[in-house]
Trainee: 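Take this structure first; my questions come after.
Any value given below was found using the heavy atoms of this structure, including those in side chains, with hydrogens, waters and symmetry copies removed.
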Amino acid sequence: MKRFALVLLLGLLSPYASAEEATCEPQDAGRAENRDGSVLTVQTDCATPALRRYVATLTCEGGRTCDRLEVTQEVVYNTMGRAQLVDLDQDGMHEVEIRGMCGAGPNCEGEVYRIDPGTMTLRHFFSGGYYELQVIDGWLVEAGRSSCCSWEFHLWQLDAPHALPLEYDTMDLMVQVSASGDADTVDGVVCTFLRQSGDNSQVVAPPSRALERICEHYGEAYELTSPDTTPGAP
């Protein structure tokens, strides 16, 4: 189910004519200082011309190496693969984001590794396929285009218990933002917040005004789908 959903998000593979000719190219290391004094670096080297290798190193006080992570990619399937350091929730502690296979649209596979402050190790925090990943009002929000005229947003509440890595099947909420019209004009936008309830999805109210702003994705006025008031609904 998880893999099927990811394939739907990524869409058809882009027809890169030169994919078979792509070769690995090393890149300069990225470096970020964290608020606790630790330093996170990530660099790209080439195990072989066909195999890209990302090496992330977490250096703690006194120059001690607390953790070292290696992730490899086959270049032919990940022609646009890259690694970078990000601070998703702007808390001064950086994450390692590794992007992989991309679809014909804007979505690409992504893996995020986050520092565990208790063990000072890099833990696999998130796995998905998306255009953008950010934290809004305490929720991790994965944004991806789901069709020509609609976007899907997958949300995880960060202070709620979850098994790691966070994945499609463990999301807390889904937001669907769909536009009608043609290539030049948007006639209307419908925004729906959904929570899975057993085998069914229930329409719910946005948890906060900050999250409701997801509905403004197209920059147009939107219609918010009313919550399900059926007894027993979330």
Trainee: Is a side-chain N or O of Asp116 found less than 3.5 angstrom from the main chain of Gly118, in a donor-acceptor match?
Mentor: yes
Trainee: Quick one: does His154's side chain get under 4.5 Å of Asp172's, heavy atoms only?
Mentor: no
Trainee: Please round to the nearest 0.5 Å and tell me the distance separating atom CG of Leu40 and atom CE of Met93.
Mentor: 8.5 Å
Trainee: Quick check: are there more than 12 heavy atoms from other residues, nucleotides or ligands sitting under 6.0 Å from CD of Glu61?
Mentor: no
Trainee: Does the pair Arg31/Glu33 count as a salt bridge with the N-to-O cut at 4.0 Å?
Mentor: yes
Trainee: Is there a path of hydrophobic side-chain contacts, each under 4.5 Å between heavy atoms of I, L, V, M, F, W or Y residues, that connects Tyr168 with Leu158?
Mentor: yes
Trainee: Taking all non-hydrogen atoms of both residues into account, name the closest pair between Thr79 and Arg52 and its distance.
Mentor: O-NH2, 3.8 Å
Trainee: Would you say Val177 ends up clustered with Trp139 if hydrophobic residues are merged whenever their side chains have heavy atoms under 4.5 Å apart, either directly or through other cluster members?
Mentor: yes
Trainee: Any side-chain heavy atom of Tyr77 sitting closer than 4.5 Å to one from Met101?
Mentor: no
Trainee: Between Asn78 (side chain) and Glu74 (backbone), is there a donor-acceptor pair under 3.5 Å?
Mentor: yes
Trainee: Indicate yes or no for a side-chain donor-acceptor contact from Asp137 to the backbone of Leu211 under 3.5 Å, with no hydrogens or angles considered.
Mentor: no
Trainee: I'd like to know if the side chain of Glu152 reaches the main chain of Ala143, judged simply by a donor and an acceptor atom lying under 3.5 Å from each other, with no hydrogens or angles considered.
Mentor: no
Trainee: Quick one: closest heavy-atom pair of Ile115 and His94, and the distance?
Mentor: CD1-O, 3.8 Å
Trainee: Going by the rule disulfide (SG to SG under 2.5 Å), which residues pair with Cys60 if we only count those two or more places apart in sequence or in a different chain?
Mentor: Cys66
Trainee: To the nearest 0.5 Å, what is the distance between SG on Cys191 and CZ on Arg213?
Mentor: 13.0 Å
Trainee: Who passes ring-ring contact (aromatic ring centres under 6.0 Å, His included) against Phe193, sequence neighbours left out?
Mentor: none
Trainee: Look up atom CD in Gln202 and atom CD in Gln196, then write down how far apart they are to the nearest 0.5 Å.
Mentor: 9.0 Å
Trainee: Would you check if the side chain of Tyr218 reaches a backbone N or O of Ser150 as a donor-acceptor pair within less than 3.5 Å?
Mentor: yes
Trainee: When you look at Leu155 and Val175, which way does the side chain to side chain contact (heavy atoms under 4.5 Å, CB included) test go after all the steps?
Mentor: CA-CA 8 Å; Leu155 283 67; Val175 186; 3.9 Å; yes
Trainee: May I ask you to test the Thr225-Val190 pair for a side-chain heavy-atom distance under 4.5 Å?
Mentor: yes
Trainee: Under the side chain to side chain contact (heavy atoms under 4.5 Å, CB included) rule, what do Asp67 and Thr65 come out as? Steps first, then yes or no, please.
Mentor: CA-CA 6 Å; Asp67 201 10; Thr65 299; over 6 Å; no
Trainee: How long is the gap from CD on Glu95 to CG on Leu133, to the nearest 0.5 Å?
Mentor: 9.0 Å
Trainee: Are any of the side-chain heavy atoms of Glu70 and Arg53 separated by less than 4.5 Å?
Mentor: yes
Trainee: For residues Val112 and Val96, determine if any side-chain heavy atom of one lies less than 4.5 Å from a side-chain heavy atom of the other.
Mentor: no
Trainee: Check Cys108 against Gly100 and note the closest heavy-atom contact, atom names and distance.
Mentor: CB-O, 4.3 Å
Trainee: Working to the nearest 0.5 angstrom, can you tell me the gap between Leu69 CG and Leu58 CG?
Mentor: 10.5 Å
Trainee: Please check if the distance between the ring centroids of Tyr222 and His217 is under 6.0 Å.
Mentor: no
Trainee: Under a 4.5 Å side-chain heavy-atom rule over Ile, Leu, Val, Met, Phe, Trp and Tyr, are Val86 and Tyr113 clustered together?
Mentor: no
Trainee: Are Val39 and Met120 connected, step by step, through hydrophobic side chains (Ile, Leu, Val, Met, Phe, Trp, Tyr) whose heavy atoms are closer than 4.5 Å?
Mentor: no
Trainee: Please check if Val55 and Ile98 belong to a single hydrophobic cluster, counting links between Ile, Leu, Val, Met, Phe, Trp and Tyr side chain heavy atoms closer than 4.5 Å.
Mentor: no
Trainee: For Glu111 and His124, indicate whether the former's side chain and the latter's backbone hold a donor-acceptor pair under 3.5 Å.
Mentor: no
Trainee: A quick test of your reading: do over 12 heavy atoms of other residues, nucleotides or ligands sit less than 6.0 Å from CG of Asp28?
Mentor: no
Trainee: Which atoms form the tightest heavy-atom contact between Val75 and Ala22, and what is the distance?
Mentor: CG1-CB, 3.7 Å
Trainee: Does NZ or CZ of Arg99 lie under 6.0 Å from the centre of the six-membered ring of Tyr130, at an angle within 45° of the ring axis?
Mentor: yes
Trainee: Which heavy atom of Ile136 sits nearest a heavy atom of Ala210, and at what distance?
Mentor: CG2-O, 3.9 Å
Trainee: Quick one: closest heavy-atom pair of Thr48 and Cys24, and the distance?
Mentor: O-CB, 3.8 Å
Trainee: Atom CG of Leu140 and atom CE of Met171: how far apart are they, to the nearest 0.5 Å?
Mentor: 11.5 Å
Trainee: Tell me whether Arg35 contacts the main-chain N or O of Asp91 through its side chain, where contact means a donor paired with an acceptor under 3.5 Å.
Mentor: yes
Trainee: What verdict does the side chain to side chain contact (heavy atoms under 4.5 Å, CB included) test give for Glu223 and Val189, after you've listed the backbone C-alpha separation in whole Å, the side-chain angles of each residue and the deciding distance to 0.1 Å?
Mentor: CA-CA 6 Å; Glu223 177 186 345; Val189 176; over 6 Å; no
Trainee: So, do Arg114 and Arg123 sit near enough that their side-chain heavy atoms are less than 4.5 Å apart?
Mentor: no
Trainee: Salt bridge or not between Arg82 and Glu109? Use side-chain N to carboxylate O under 4.0 Å.
Mentor: no
Trainee: Does the side chain of Leu194 reach to within under 4.5 Å of the side chain of Gln176, using non-hydrogen atoms?
Mentor: yes
Trainee: Are any non-hydrogen side-chain atoms of Trp156 and His162 less than 4.5 angstrom apart?
Mentor: yes
Trainee: I'd like to check the ring-ring contact (aromatic ring centres under 6.0 Å, His included) partners of Tyr131; sequence neighbours left out, ordered by chain and number.
Mentor: Trp151
